[in-house]
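Atoms considered below: every heavy atom in the structure, side chains included; atoms not considered: hydrogens, waters and symmetry mates. Each ligand, and each atom within it, is numbered from 1 in the order the structure gives. Numbering starts at 1 and runs along the sequence shown.
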Amino acid sequence: MKENLKESRYRHSLGVEDMAVRLAATWGADIEKARFAGRYHDIAKNFDQERMDSCVRKYGLPEELIGNNALAHSKVAAAILENEYGVDDEDIINAVRYHTTGRSGMSLLEELIFVADAVEDNRTYNDLKYYQQLAETDLDRACFEILEYTIWYLESKERNIHKDTIEAREWVWKKIKGDN
Ligand code: DGI
Ligand code: FE
Ligand code: FE
């Protein structure tokens, strides 16, 4: 991990690991799975364009990921854990695979890694403490607010919003309202 990640990304990974463990304890998820997924979720984040694209092809991932490292790094990380590190736990793989977009029907572990990624201690935005507290008291609400923020941010930058991101927001909103 140290070889592949910049110092700040390495620190972020340990921060997500730590936050994922805390949230797993609060919400009754498997702590060791949360620790592992948190630690390795961004393992491919600092791959250069050439290496990322070659991994997308090597693992037969969707063509839409070519040239899009923001979305590719989570799919590539999941493929590496599965194919090179022999990780066979589907929930861990999916937590890594969907950590950037989320998705409809996320498992508890997936949701907790998605939230931990956004609220770990090394993040620097103003409302960090508020989001950390929300994650401890209402995981769905935290997940929803993070998705709202992400979508607002991507819109402001006129970047494409992946359908998994949109569907995740819809799903968690319905879950909050008690419709499913
Ligand atoms: O890898 P991290 O920086 O820790 O965080 P991340 O994996 O959640 O997100 C990385 C980037 O992905 C961030 O700049 C926002 C972007 N992103 C999240 N959802 C979408 C997205 N980009 C696009 N194009 N579409 C999405 O739906
Ligand atoms: Fe990431
Ligand atoms: Fe991350």
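Shown here are the ring pair (Phe, Tyr, Trp, His ring centres under 6.0 Å) partners of H162, two or more places apart in sequence or in another chain: there are none. Residues satisfying the salt bridge (Lys or Arg N to Asp or Glu O under 4.0 Å) test with K6, not counting sequence neighbours, are none.
Here the straight-line distance linking atom CD of E136 with atom CE of M19 works out to 7.0 Å at 0.5 Å rounding. A distance of 11.5 Å separates CD1 in I92 from CD in E82, rounded to the nearest 0.5 Å.
Using a 3.5 Å distance cut-off with no hydrogens or angles, the side chains of D91 and S107 do pair a donor with an acceptor.
Side chain of R123 to backbone of D117: a donor-acceptor contact under 3.5 angstrom is found.
Protein-derived N/O/S atoms nearer than 2.8 Å to the Fe ion (ligand 2) total 3, waters excluded.
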Note to self: Quick one, R51 with N4, criterion side-chain hydrogen bond (donor to acceptor under 3.5 Å, both in side chains). Give me CA distance, side-chain angles, the key distance, then yes/no.
What the structure shows: CA-CA 11 Å; R51 187 171 178 199; N4 280 298; 2.8 Å; yes

Open item on the list: Between Y98 and E111, is the side-chain hydrogen bond (donor to acceptor under 3.5 Å, both in side chains) condition met? List the steps.
Closed with: CA-CA 9 Å; Y98 294 105; E111 193 174 350; over 6 Å; no

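Taking a heavy-atom cut-off of under 4.0 Å, ligand 1 is surrounded by R9, H12, D42, K45, A70, L71, H73, H99, T100, D117, R123, T150, L154, R159, N160, I161, H162, T165.
Ring geometry, W152 versus Y149: the interplanar angle falls from 30° to 60°, so the pair is classed tilted.
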